[in-house]
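Computation of the quantities below employed the complete heavy-atom set of this structure, encompassing side-chain atoms and omitting hydrogens, waters and symmetry-equivalent molecules. Within every chain, numbering begins at 1; the chains are lettered A, B, ... in the order of the sequence lines, protein sequences first and strands thereafter. Being a predicted model, the structure only gives us computed values, none of them experimental.
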Number of protein chains: 2
Amino acid sequence: METVEKLTKTLRSHGMKITPQRLMIFKILENNTSHPSAEDVYKKVKKIYPAVSFTTIYKTLETLKELGEVKELTIDEDRKHYDPNTNIHHHVICSACKKILDIFEDFSSHIQLPDFVNKDYTVTGFQISFYGTCKKCN
Amino acid sequence: METVEKLTKTLRSHGMKITPQRLMIFKILENNTSHPSAEDVYKKVKKIYPAVSFTTIYKTLETLKELGEVKELTIDEDRKHYDPNTNIHHHVICSACKKILDIFEDFSSHIQLPDFVNKDYTVTGFQISFYGTCKKCN
DNA sequence: CTCAGTGCAAATGCTTTGCAAATGG
DNA sequence: CCATTTGCAAAGCATTTGCACTGAG
């Protein structure tokens, strides 16, 4: 995700409005490496802006996703998580507490897709999910 | 997943019962590489055993998961998919039609986890999800 | 002013659960 | 027999939607 200031300009250039709710959500997400769920974001925003609604969180996350400013993670079977770091990286998730850690190792040079896949699919990227248990839960 | 016969013995040894519903579900899953959702399984079983209920499908899939006979795939953000092939392998998913293809390439020797991860997590495995579009949808 | 955004309440869609009736061993 | 399984209906959650109201530009 871009900085809040840059993001503001991006939204304006798309004819979108800068509301206090959105600003608070951006603030919470900026440099956030905790891979929050919508509820996580809601709770944090609510602390500094109690009038916010769940609906707005969902809609704003959707907007950010469409703008390519956050990535939706499909790694926790229970709920979606959001990642403001849109650079290619991978994750470990604790199957107990669902804590997600970033892995910035670039494996792309080691990952060669077999030909039959490229014949049937136009592959745009990949994501490695490591599964296990974190120290606390273990 | 084991063969239906072996699976029958496995269930018996766990004090579980072999019902016609379960047998039909096992039959549908045996050698199934289509990564069906619960609904997919339900529809297929219903064709050969119309009396089956959705509840039974869910409960049986849960049972098979607990026995380690199927793996739950968290690759489609919309719904869970089930894979009777429990050997380590990876997937490509079409973001449009959600068709999932198996990739049996063994990348494990190329994937070295950074030390800081092993310090915090006991990693039991990993899963590579390739994203893109299939020929039909493209 | 005007249109995009907000927020409530209701709806949706997948999955789970409570419980009485059915049935496998 | 009787513990397990089934299947209905209802509940449970995460997420989405309809719509009147609000407010940013």
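Between A/Thr56 and A/Ile25, the shortest heavy-atom distance links the atoms O-CD1, 4.2 Å. Between A/Phe116 and B/Asp102, the closest heavy-atom pair is CZ-O, 3.6 Å.
Taking atom CG of residue A/Leu23 and atom C1' of nucleotide D/dA24, one finds them 11 Å apart after rounding to whole Å. Atom-to-atom, CD1 of B/Ile18 to P of D/dT5 comes out at 9 Å; the value is rounded to the nearest Å. The nearest whole Å value for the distance from the CG atom in B/Asp76 to the P atom in D/dA14 is 18 Å. The distance from atom CD1 of A/Ile57 to atom C1' of C/dC8 is 15 Å, rounded to the nearest whole Å. Counting to the nearest Å, the P atom of D/dT6 and the CG atom of B/Leu61 are 12 Å from each other. Remark: P of D/dT5 and CZ of B/Phe26 are 10 Å apart, rounded to the nearest angstrom.
Between B/Tyr58 and the phosphate of C/dT16, there is no side-chain N or O to OP1/OP2 separation shorter than 4.0 Å. Put simply, B/Gln21 has a side-chain N or O that comes within less than 4.0 Å of OP1 or OP2 on D/dG7. Between A/Arg22 and the phosphate of C/dG5, there is a side-chain N or O to OP1/OP2 separation shorter than 4.0 Å. In this structure, A/Arg12 reaches the D/dG25 phosphate: one of its side-chain N or O atoms is under 4.0 Å from OP1 or OP2. Look at B/Thr55 and you won't find any side-chain N or O under 4.0 angstrom from OP1 or OP2 of D/dG7. The phosphate of D/dT6 has OP1 or OP2 within less than 4.0 Å of a side-chain N or O from B/Thr19.
A donor-acceptor pair under 3.5 Å is absent between the side-chain atoms of A/Thr133 and the main chain of A/Cys94, judged by distance alone.
Counting non-hydrogen atoms under 4.0 angstrom, A/Lys59 reaches a base of the nucleic acid.
Of the residues near DNA chain C, B/Pro20 and B/Phe54, the one whose nearest nucleotide (by heavy atom distance) lies more toward the 5' end is B/Phe54. Nearest-nucleotide positions on DNA chain C place B/Glu72 closer to the 5' end than the other of B/Lys17 and B/Glu72. Taking the nucleotide of DNA chain D with the nearest heavy atom to each of B/Thr56 and B/Gly15, the more 5' of the two is matched to B/Gly15.
For the side-chain hydrogen bond (donor to acceptor under 3.5 Å, both in side chains) test with B/Asp76, the passing option among B/His81, B/His35, B/His91 is B/His81; the others fail. For the ring-ring contact (aromatic ring centres under 6.0 Å, His included) with A/His90, the lone residue among A/Tyr131, A/Phe126, A/Phe130 that qualifies is A/Phe126. The side-chain contact (heavy atoms from CB on, under 4.5 Å) test with B/Ile57 singles out one residue from B/Asp40, B/Ile28, B/Val52, and that residue is B/Val52.
Comparing the helix axis at one end of the helix from C/dC1-D/dG25 to C/dG25-D/dC1 with that at the other, each defined from 5 consecutive pairs, gives an inter-axis angle of 30° (nearest 10°).
Counting non-hydrogen atoms of other residues, nucleotides and ligands closer than 6.0 Å to NZ of A/Lys6 gives a total of 12 or fewer.
Using modelled atom types and a 3.5 Å distance limit, the side chains of A/Asn85 and A/Asn87 yield a donor-acceptor pair.
Closest contact between the side chain of B/Arg79 and the listed nucleotides D/dG7, D/dT16, C/dC14 involves C/dC14. Checking C/dT16, C/dG5, D/dT5 against the side-chain heavy atoms of B/Met16 singles out D/dT5 as nearest.
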